[in-house]
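Being a predicted model, the structure only gives us computed values, none of them experimental. Residues take their numbers from the sequence shown, with the count starting at 1. In each ligand, atom 1 is the first atom listed, and ligand 1 is the first ligand listed. FYI, side chains are in, hydrogens and waters are out, and symmetry mates aren't considered; it's all heavy atoms of this structure.
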Amino acid sequence: MYDSILARSFSKHEQKKLGYVAIFCCFLIVLSFCTVFKPYLGPLPVLNLRLSIDVSGLKMLIVKDTSTSHLRLKDSTDSQPIEDIIPKKIDEPVCNITERSDFCEINNDIRIDGSSATVYFSSTHEANSSWNIRPYARKYDRVAMSRAKEWSVKSVQQRQLPQCTQNHSIPAIVFSSGGYSGNHFHDFSDILIPLYITSRQFNGEVQFLVTDKHSWWINKFQNVLRNLSNYEIIDIDKEKDIHCFPRGIVGLKRHEKELHIDPSTSPYSIKDFREFIRSSYSLKKATAIKLKDGQNKIKPRLLIISRKRTRTFTNTDKIAEIGRKFGFEVVVTEAESNLSRFAETVNSCDVFLGVHGAGLTNMIFLPEKAVFIQVIPFGGFEWLARTDYEEPSKRMNVRYLEYKIKIEESSLIQQYPIDHQVIKDPSSIGKQGWESI
Ligand SMILES: *[C@@H]1O[C@H](CO)[C@@H](O)[C@H](O)[C@H]1NC(C)=O
Ligand SMILES: *[C@@H]1O[C@H](CO)[C@@H](O)[C@H](O)[C@H]1NC(C)=O
Ligand SMILES: *[C@@H]1O[C@H](CO)[C@@H](O)[C@H](O)[C@H]1NC(C)=O
Ligand SMILES: *[C@@H]1O[C@H](CO)[C@@H](O)[C@H](O)[C@H]1NC(C)=O
Ligand SMILES: *[C@@H]1O[C@H](CO)[C@@H](O)[C@H](O)[C@H]1NC(C)=O
């Protein structure tokens, strides 16, 4: 019926014209929609389109994305449709050499050969190019980097690409679990947070390929890894197959500061990371207890982290006793290997106290507005204490306090004569590096 009314009202020619007008209107609506909502969507990436002849002789469009990678990251949802419509060929991989880590982001087919530690992608140029990347995010630390395998990222011509023996339909991320893994601080600062920054955008639809794999490390952080990727991790060093992916990232993005995500260069923040961690470990407490004068039924909980071998408290019992006197429920514990259980313990507390050391990284599990007390041993620890824990905790919406051990309180005076360099000038020891400290 509708058709016949239309046919009566308009001639064939007019109907055709009407069709064009309708398409134009749709286009206008979409355009104005984009314009209105643009501020909310963020800037659209600038796309450079040009025509070119492919190797095969077929005409195709080359899309050169001139926006920076962080912009693209932010806009990945708006730019995707454009990229889907237009067949794409990016001449160069986006290999970025930053202050703290190197990574290559290849938005094109890649082929990964674990036996030669090489990632291939096809080049439209005659010349070959190649980059060497150690996929661990603590670039200027020679010791850490020497424990991470070097990978090459190579562009070669189509016919020189190795044959795929396993095809994947999701993007790949290659990273190292070598370096300083096993140290809790480095686990988070050099691997987990960079991995979150690099992979969260894929919402689980990403394949992790780990190099320098340690099974204990993968087991320790399985809750986090499982929430970042829906697929079993591949130990790429052991693979004989050539794994092919529609795109991939070699190495991890990392921001300048320790235990930090800079929201000005990432769609995420450290707050998002903490929420993600709380969800991964099913941690219930989002905010610390709020004290009301004298009418609290529930006691605030104080967690004292005791270390056994180095930088130990010699009077843990007394510290706990004072805590109780002030109305705290006191928990004294050592950081334990079952991270799931330990994360629950930390999250259940309102105040977290410990001596400077990697165990303090567990503050990540604290609820918002908890209090974190760093005890700083006598000696050259100030700079490390500040950059590794004080500043990160303040960015995490945790209230920071510190207690500096005076020489009279330190057991060092029993070990060194009073005029020894260790006692007289501890900062000179600090300058000699971590081993000396
Ligand atoms: C590479 O790093 C520089 C400096 O950190 C940054 O300005 C630029 O946007 C980055 N580019 C890409 C493609 O990531
Ligand atoms: C590129 O590399 C291949 C081997 O991987 C070599 O056969 C070819 O000659 C190289 N091309 C140029 C232009 O260097
Ligand atoms: C992988 O995909 C390519 C291209 O679609 C195809 O030629 C090849 O046979 C596939 N290989 C395997 C092992 O499925
Ligand atoms: C992480 O995993 C847990 C348990 O499987 C799930 O309940 C939670 O929703 C996941 N969180 C995210 C952010 O994916
Ligand atoms: C770790 O602790 C959790 C309880 O918090 C428990 O469910 C899990 O089985 C423990 N894992 C191991 C390996 O002991």
**Study point:** CA sep, side-chain torsions, deciding dist, call: L228, L195, side chain to side chain contact (heavy atoms under 4.5 Å, CB included)
**Key:** CA-CA 9 Å; L228 284 175; L195 190 61; 4.1 Å; yes
Under 3.5 Å: donor-acceptor pair, side chain of [X], backbone of [Y]:
X: T198; Y: K253; result: yes
X: N183; Y: H186; result: yes
X: S146; Y: V143; result: yes

Check your understanding: Just distances here: any N/O of S280 and N/O of ligand 4 closer than 3.5 Å?
Key ->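 Min N/O separation from ligand 4 is not below 3.5 Å for S280.
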For [atom], what's the nearest protein heavy atom and its distance?
atom: atom 13 (C) of ligand 3; value: T165 O, 3.4 Å
atom: atom 14 (O) of ligand 3; value: N167 ND2, 3.2 Å
atom: atom 5 (O) of ligand 4; value: N227 OD1, 4.2 Å
atom: atom 9 (O) of ligand 5; value: N338 ND2, 4.8 Å

Return yes if a side-chain donor-acceptor contact under 3.5 Å exists between [X] and [Y], otherwise no.
X: D212; Y: S176; value: yes
X: Y400; Y: Q374; value: yes
X: T211; Y: D237; value: yes

Practice item. With heavy atoms of E344 as the reference, note each atom of ligand 5 found under 4.0 Å away. Key: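 So the atoms of ligand 5 that pass are 5 (O).
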Practice item. With heavy atoms of R200 as the reference, note each atom of ligand 4 found under 4.0 Å away. Key: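 Result: 13 (C).
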Practice item. Could you list which atoms of ligand 4 come closer than 4.0 Å to a heavy atom of S279? Key: 1 (C), 3 (C), 8 (C), 9 (O), 10 (C), 11 (N), 12 (C), 13 (C)
Check your understanding: Non-hydrogen atoms of R278 versus ligand 4: any pair closer than 4.0 Å?
Key ->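 Heavy atoms of R278 never come under 4.0 Å of ligand 4.
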Determine, counting only non-hydrogen atoms of the protein, whether one lies under 4.0 angstrom from [atom].
atom: atom 2 (O) of ligand 5; result: yes
atom: atom 11 (N) of ligand 4; result: yes
atom: atom 7 (O) of ligand 3; result: no

Practice item. Looking only at distances, please establish whether an N/O atom of ligand 5 is found under 3.5 Å from an N/O atom of S340. Key: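 Min N/O separation from ligand 5 is not below 3.5 Å for S340.
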Practice item. Can you establish whether the number of heavy atoms outside K257 located under 6.0 Å from its atom NZ is more than 12? Key: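 No, the 6.0 Å shell around NZ holds no more than 12 heavy atoms from other groups.
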Check your understanding: CZ of R399: more than 12 outside heavy atoms within 6.0 angstrom?
Key -> no
